[in-house]
Amino acid sequence: MQKQLKKAKAVAVRINGLPRDLTSIDSLEEGTLVEAITFDSEEGKEIYRHSTSHVMAHAVKNLFPEAKVAIGPAIEDGFYYDFDIGRTFTPEDIAAIEKEMEKLVRQNSPIVRKEMSKQEAADFFTEKGEPYKVELLAAIPDETVTVYEESGFVDLCRGPHLASTGRIAAFKLLSIAGAYWRGDEKNKMLQRIYGTSFNNPKDLKDYLNFLEEVKKRDHRKLGKELDLFSLSENVGGGLVLWHPMGALIRKTIEDFWRDEHQKNGYDFVYSPHVGRATLWETSGHLGFYKENMYSSMEVEGQEFYVKPMNCPFHIEIYKNRLRSYRDLPMRYAELGTVYRFERSGVLHGLLRVRGFTQDDAHIFVAPEGMEQEVIQVLGFVVRMLRTFGFEEFTAYIATKPEKAVGDDRMWEQATQALRIAADKAGLAYEMDEGGGAFYGPKIDIKIKDALGRLWQCSTVQFDFNEPERFDMNYIGVDNQQHRPYMIHRALLGSIERFFGMLVEHYAGAFPLWLSPVQVSVLTISERHADYARSLASALGARGVRVETDLDSEKIGNKIRKSTIRKIPYSVIIGDKEASENAVMLRRRNGENIGPFGVDELISFLLEKINSREVRT
RNA sequence: GCCCAUGUAGCUCAGUCGGCAGAGCACAUCCUUGGUAAGGAUGAGGUCACCAGUUCGAUUCUGGUCAUGGGCUCCA
């Protein structure tokens with residue numbers, strides 16, 4: 001069996017369904033079911049990286065005996081370990097720690113599991129001067145705990161672990177950051193070191209390359225390079241300035257969004273940016289959302305608040321007159337800009353801002369129409385996201401939490417509608433039991449980008465709270481008053497975040513239909529300027545976004561400038577083209593498509609633009 | 001908000017152990033009219049993030065503020 005496990009490159013085993021150390025098979029009875037856990041599984045990675053974090057802690061203790069160790073779990077893509085060292089780690093420290101870790105790995109010490117009573121362990125760690133471990137122990141309910149030892153370094157740990165330190169084939173320390181003890185800002189700030197490990201050097205290298213690629217695609221970097229947007233300290237943190245190039249992309253997204261909503265039965269509304277305090281009291285925002293709202297302003301003795309959400313306004317429009325079941329479902333859509341207070345430390349480019357535009361809509365629907373409506377919404381979501389070039393989605397359905405408004409029947413009915421709708425839309429989904437907001441169940445959709453990263457954009461949420469608070473009604477067939485169901489939904493989420501994600505997904509090279517400049521006209525020499533101008537106006541007249549480069553530069557220089565700006569197509573014109581009323585067409589990837597007549601060029605481009613072709 | 005780091009020309013970054021600051025790219029002008037990722041010359045650009053303090057003198061030292069980055073926490 002030892003051999004088999006070795007052959008399978010097991011990092012640990014599962015015995016009777018429970019993860020165990022490899023060494024634990026020595027004391028097994030005949031016939032026990034043993035499964036190998038390998039690095040390929042999530043569980044295997046976790047064990048592997050957890051062991052790496054122990055080795056890192058050992059290295060830190062070797063180099064800084066005064067350091068106190070806190071916790072060091074595996075996380076997605078790696079691990080971390082928190083230390084209390086009384087100062088910050090420097091990059092030099094990290095290099096030294098890596099070196100020390102290499103030494104420990106080379107020593108290939110066995111990692112040995114030991115059981116002790118809780119009291120023994122507490123005494124042991126107290127004596128060792130490890131108060132954090134003692135505190136952790138106090139929270140463990142069991143009487144017996146396990147510790148793991150490798151060449152003298154002992155750590156409290158449930159395990160399992162790799163059999164020996166030599167099994168760690170490739171690791172890298174990635175970053176240093178402050179982190180509160182147990183994630184609570186009232187506690188002491190510890191020093192956290194992040195790292196990752198893999199079971200072969202190539203995979204580590206691939207992962208590091210992935211991190212490089214992530215850096216290259218960073219929307220903040222590309223946003224600057226492509227002149228899409230900026231943030232100014234004179235304006236304030238988290239408040240976005242859209243430059244012409246970014247604004248053009250945004251407009252294209254919004255135009256498309258509006259057209260699709262119109263086709264899908266939505267009505268457009270507009271609402272103000274501020275509203276009276278009484279409105280927010282009625283909606284409940286001043287009760288449960290106040291910490292995210294900007295402080296009030298006083299106008300002629302009345303309090304006003306900047307809106308953090310659009311819903312109360314849409315509800316007011318609904319309530320402006322008596323509604324009949326014949327009016328339902330009503331779908332009010334608005335690209336509504338909202339402002340939410342975010343703590344300064346969490347702001348991040350376009351992905352986390354203080355002012356953003358939701359592609360919001362509120363749907364008011366009779367209970368009997370609710371399921372059909374949700375099915376339609378999810379289908380709409382998927383079609384919309386596909387157009388932007390996303391193919392893989394996962395949905396998360398969040399159900400009733402402990403504290404909630406609305407009766408169980410409503411929750412059950414709405415949750416069931418979400419399930420059915422997800423099935424019909426062909427969405428794989430996971431249940432997030434008890435994860436709903438207090439006012440209703442919801443379904444969030446995560447999309448996978450070009451690098452395989454997941455982003456949450458779309459959300460469809462039931463709201464049992466506001467129809468009640470605003471006393472919303474409609475007259476049914478029975479001539480009685482009924483309460484409508486209300487659904488909040490956003491497909492892109494926030495335009496800012498969606499845009500930031502698109503920049504990263506496409507690495508700034510947008511598909512033709514979204515590109516702010518679709519074609520650049522490059523002249524070989526100045527005598528082609530007139531032809532370039534007439535060509536540009538012919539393209540412009542057909543709605544193609546075009547620029548000319550008439551500089552007295554060589555063609556290589558103009559191609560370079562056009563390529564750096566990631567303009568999808570360049571047309572090159574010289575004597576030959578001018579005399580034949582033609583162009584030479586070139587893709588931004590360097591591919592030369594060949595000579596085109598002017599009309600041929602226009603129909604070639606329009607075909608791709610109008611079909612919103614993702615691949616350019 | 002908290003911890004740490006950072007803030008010098010439009011961008012990327014040097015530099016000043018306290019004595020009125022520099023490169024490359026971009027920009028402007030001129031020369032060049034060249035066929036697929038950088039032709040050449042010249043020039044203009046900075047209250048060294050902001051506000052105080054120490055000092056004969058602060059971009060440099062000290063304190064504060066703001067912003068940005070990496071985290072903690074939270075979310076669209």
Side-chain angles (χ1 to χ4, degrees), chain A residues 80 82 87-91 174-194 215 218 220-221 224-225 227 230-239 289 291-292 308-310 336-338 340-360 437 444-445 455-459 461 488-501 522-529 550-565 570-577 584-593:
Chain A
Y80 68 80
D82 287 346
R87 64 172 182 90
T88 52
F89 285 114
T90 63
L174 298 170
S175 60
I176 322 161
Y180 299 103
W181 168 235
R182 311 198 121 178
D184 187 335
E185 64 189 73
K186 291 187 206 74
N187 288 338
K188 184 162 183 184
M189 175 75 65
L190 306 175
Q191 282 291 303
R192 175 171 297 178
I193 303 177
Y194 285 93
K215 235 189 235 171
D218 192 316
R220 294 165 299 183
K221 179 172 174 279
K224 202 178 273 182
E225 285 170 8
D227 199 14
S230 64
L231 296 148
S232 159
E233 68 175 286
N234 295 323
V235 176
L239 300 167
Y289 206 72
E291 64 280 12
N292 283 302
M309 293 189 193
N310 303 302
T337 303
V338 297
R340 297 183 187 173
F341 170 72
E342 296 285 355
R343 307 210 280 177
S344 54
V346 307
L347 301 174
H348 181 89
L350 296 180
L351 302 182
R352 197 65 189 277
V353 293
R354 284 180 173 158
F356 59 97
T357 302
Q358 292 182 305
D359 70 313
D360 212 357
D444 288 335
I445 293 154
W455 302 76
Q456 200 229 297
C457 296
S458 316
T459 181
Q461 308 188 354
H488 307 253
R489 47 110 281 187
L491 307 190
L492 313 179
S494 104
I495 301 288
E496 284 74 6
R497 167 187 282 205
F498 187 76
F499 179 78
M501 187 200 66
L522 315 180
T523 51
I524 300 283
S525 102
E526 276 171 9
R527 68 177 168 278
H528 310 117
L550 309 177
D551 285 0
S552 62
E553 284 289 353
K554 291 190 182 178
I555 194 66
N557 176 287
K558 297 184 186 188
I559 286 174
R560 180 180 151 81
K561 283 188 287 183
S562 182
T563 310
I564 285 174
R565 290 176 61 199
S570 298
V571 306
I572 293 156
I573 54 176
D575 288 340
K576 191 167 180 302
E577 288 76 15
M584 187 60 86
L585 191 62
R586 185 188 203 273
R587 273 190 236 270
R588 63 185 154 203
N589 65 5
E591 191 184 342
N592 248 311
I593 310 178

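Letters A, B, ... mirror the listed sequences (proteins, then strands); counts begin at 1.
- At distances below 3.5 Å, not a single donor-acceptor pair connects side-chain atoms of R340(A) with backbone N or O atoms of N292(A).
- With rounding to whole Å, I564(A) atom CD1 is found 7 Å from A37(B) atom C1'.
- Nucleotides U8(B) and U60(B) are separated by 14 Å at their P atoms, to the nearest Å.
- Nucleotide C17(B) forms a pair with no other nucleotide shown, judged by Watson-Crick or G-U wobble geometry with both contacts under 3.5 Å.
- In this structure, H488(A) atom NE2 and A76(B) atom P are separated by 11 Å, rounded to whole Å.
- If you take atom C1' in C13(B) and the same atom in A28(B), they sit 23 Å apart, rounded to whole Å.
- Of the possible donor and acceptor atoms, one in the side chain of E496(A) sits under 3.5 Å from a partner among the backbone N and O of T357(A).
- Using C1' as the reference atom, U73(B) and G1(B) are 10 Å apart when rounded to the nearest Å.
- Across all strands, N292(A) comes closer than 4.0 Å to no nucleic acid atom at all (heavy-atom distances).
- No hydrogens or angles were tested; on distance alone, a donor-acceptor pair under 3.5 Å links the side chain of E577(A) to the base of G35(B).
- Nucleotide G1(B) forms a pair with C72(B), judged by Watson-Crick or G-U wobble geometry with both contacts under 3.5 Å.
- Judged by Watson-Crick or G-U wobble contacts below 3.5 Å, the nucleotide G7(B) has C66(B) as its partner.
- Residue K554(A) contributes atom NZ, which lies 10 Å from atom C1' of G40(B) at whole-angstrom precision.
- For Y180(A), no side-chain nitrogen or oxygen approaches OP1 or OP2 of G1(B) to under 4.0 Å.
- For the pair N557(A) and G39(B), the criterion of a side-chain N or O lying under 4.0 Å from OP1 or OP2 is met.
- One can place CD of E233(A) at 9 Å from P of C50(B), the figure rounded to the nearest angstrom.
- For R527(A) against U33(B), no side-chain N or O and base N or O form a donor-acceptor pair under 3.5 Å.
- Look at R192(A) and you won't find any side-chain N or O under 4.0 angstrom from OP1 or OP2 of C3(B).
- Under 4.0 angstrom from either OP1 or OP2 of G34(B) there lies no side-chain N or O belonging to S525(A).
- Remark: side-chain polar atoms of R220(A) are not paired, donor with acceptor, to backbone N or O of H348(A) under 3.5 angstrom.
- The C1' atoms of A21(B) and A58(B) are separated by 14 Å, rounded to the nearest whole Å.
- Syn is the classification of G45(B), since its glycosidic angle stays within 90° of 0.
- Between H348(A) and C75(B) there is no side-chain polar atom (N or O) within less than 4.0 angstrom of OP1 or OP2.
- In this structure, G349(A) reaches the sugar-phosphate backbone alone: every heavy-atom distance under 4.0 Å involves primed, P, OP1 or OP2 atoms, never a base.
- Neither OP1 nor OP2 of C72(B) sits under 4.0 Å from any side-chain N or O of K188(A).
- Taking the P atoms as reference points, C75(B) lies 47 Å from U16(B), given to the whole Å.
- At distances below 3.5 Å, at least one donor-acceptor pair connects side-chain atoms of K558(A) with backbone N or O atoms of T523(A).
- Protein atom CG of L231(A) is 6 Å distant from nucleotide atom P of U68(B), rounded to whole Å.
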Apply side-chain contact (heavy atoms from CB on, under 4.5 Å) to the pair R352(A) and S494(A), showing each step before the final yes or no. CA-CA 10 Å; R352(A) 197 65 189 277; S494(A) 104; over 6 Å; no

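- In this structure, Y194(A) reaches the sugar-phosphate backbone alone: every heavy-atom distance under 4.0 Å involves primed, P, OP1 or OP2 atoms, never a base.
- For the pair D359(A) (side chain) and L492(A) (backbone), a donor-acceptor distance under 3.5 Å is present.
- Note: CG (D227(A)) to P (C25(B)) measures 20 Å, nearest angstrom.
- Side-chain atoms of R192(A) never come within 3.5 Å of backbone atoms of A177(A) as a donor-acceptor pair (strictly under, hydrogens ignored).
- Using a 4.0 Å cut-off, some side-chain N or O of R220(A) falls inside it from OP1 or OP2 of G70(B).
- Within 4.0 Å (heavy atoms only), G556(A) reaches sugar-phosphate atoms of the nucleic acid but no base atom.
- Nucleotides U62(B) and U54(B), compared at atom C1', are 7 Å apart to the nearest Å.
- Nucleotide G43(B) has C27(B) as its partner under the Watson-Crick or G-U criteria, with both atom distances under 3.5 Å.
- Applying the 3.5 Å distance criterion, the base of A76(B) shares no donor-acceptor pair with the side chain of Q461(A).
- Using a 4.0 Å heavy-atom cutoff across all strands shown, E526(A) reaches at least one base atom of the nucleic acid.
- As rounded to the nearest Å, G45(B) and U29(B) have C1' atoms that lie 15 Å from one another.
- Side-chain atoms of R343(A) and base atoms of C2(B) include no donor and acceptor less than 3.5 Å apart.
- Pairing for G53(B) is with C61(B), a Watson-Crick or G-U wobble pair whose two hydrogen-bonding atom distances lie under 3.5 Å.
- Atom C1' of A44(B) sits at a distance of 32 Å from the matching atom of U36(B), rounded to the whole Å.
- One atom, CD1 of I193(A), and another, C1' of C4(B), lie 13 Å apart when rounded to the nearest Å.
- With a cut-off of 3.5 Å on both Watson-Crick or G-U wobble distances, the partner of U33(B) is given as none.
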